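None of the values given here were measured: they were computed from a predicted structure.
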Amino acid sequence: MANVISDETIEYVGILAKLELSDAEKEKAKEDMGKMLDYIDKLNELDTSNVEPMSHVFPVNNVFREDVVTNGDDREKILKNAPEERDGAFVVPKTFD
């Protein structure tokens, strides 16, 4: 294992993640993080010069639909459900002073 993680790094990551780790968990985390960094080093050895950058494995196209009003302007019908209405709007209790 070429990448050795220090105790300070594990403590810092634990603080960032808001985790309280036991000594055994810290040792396991150091080992796991070292393995992850070793794997990243191995991936960095690959020649990707002829590989196009991509953000997704499958092609993603814009799937937005046209914004069309379908229910019309039924203000009076909607306001019939309001417990209280004033000037064409719902009246609600105050949430702050």
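Here the CG atom belonging to N3 is positioned 14.5 Å from the OH atom belonging to Y39, to the nearest 0.5 angstrom. Rounding to the nearest 0.5 Å places CG of D23 at 9.0 Å from CG of D7. Interatomic distance, CG of L37 versus NZ of K42, reported as 15.0 Å (0.5 Å rounding).
Under the 4.5 Å side-chain criterion, counting only non-hydrogen atoms from C-beta, R86 is not in contact with L79. With contacts defined as side-chain heavy-atom distances shorter than 4.5 Å, the pair K30/E27 qualifies. Within the 4.5 Å cutoff, no side-chain heavy atoms of K80 are placed close to those of E85.
More than 12 non-hydrogen atoms from other residues, nucleotides or ligands lie less than 6.0 angstrom from CG of N62. Heavy atoms from other residues, nucleotides or ligands lying under 6.0 Å from CG of D74 number more than 12. Summarising the local packing, OH of Y12 is surrounded by 12 or fewer heavy atoms from other residues, nucleotides or ligands at distances under 6.0 Å.
At distances below 3.5 Å, at least one donor-acceptor pair connects side-chain atoms of S6 with backbone N or O atoms of T9.
Among K26, M33, E31, the single residue meeting the side-chain contact (heavy atoms from CB on, under 4.5 Å) criterion with I5 is M33.
Under a 4.0 Å N-O distance rule, the pair K28/E25 does not qualify as a salt bridge.
Hydrophobic clustering of Ile, Leu, Val, Met, Phe, Trp and Tyr side chains at less than 4.5 Å, counting indirect connections, keeps M54 apart from L43.
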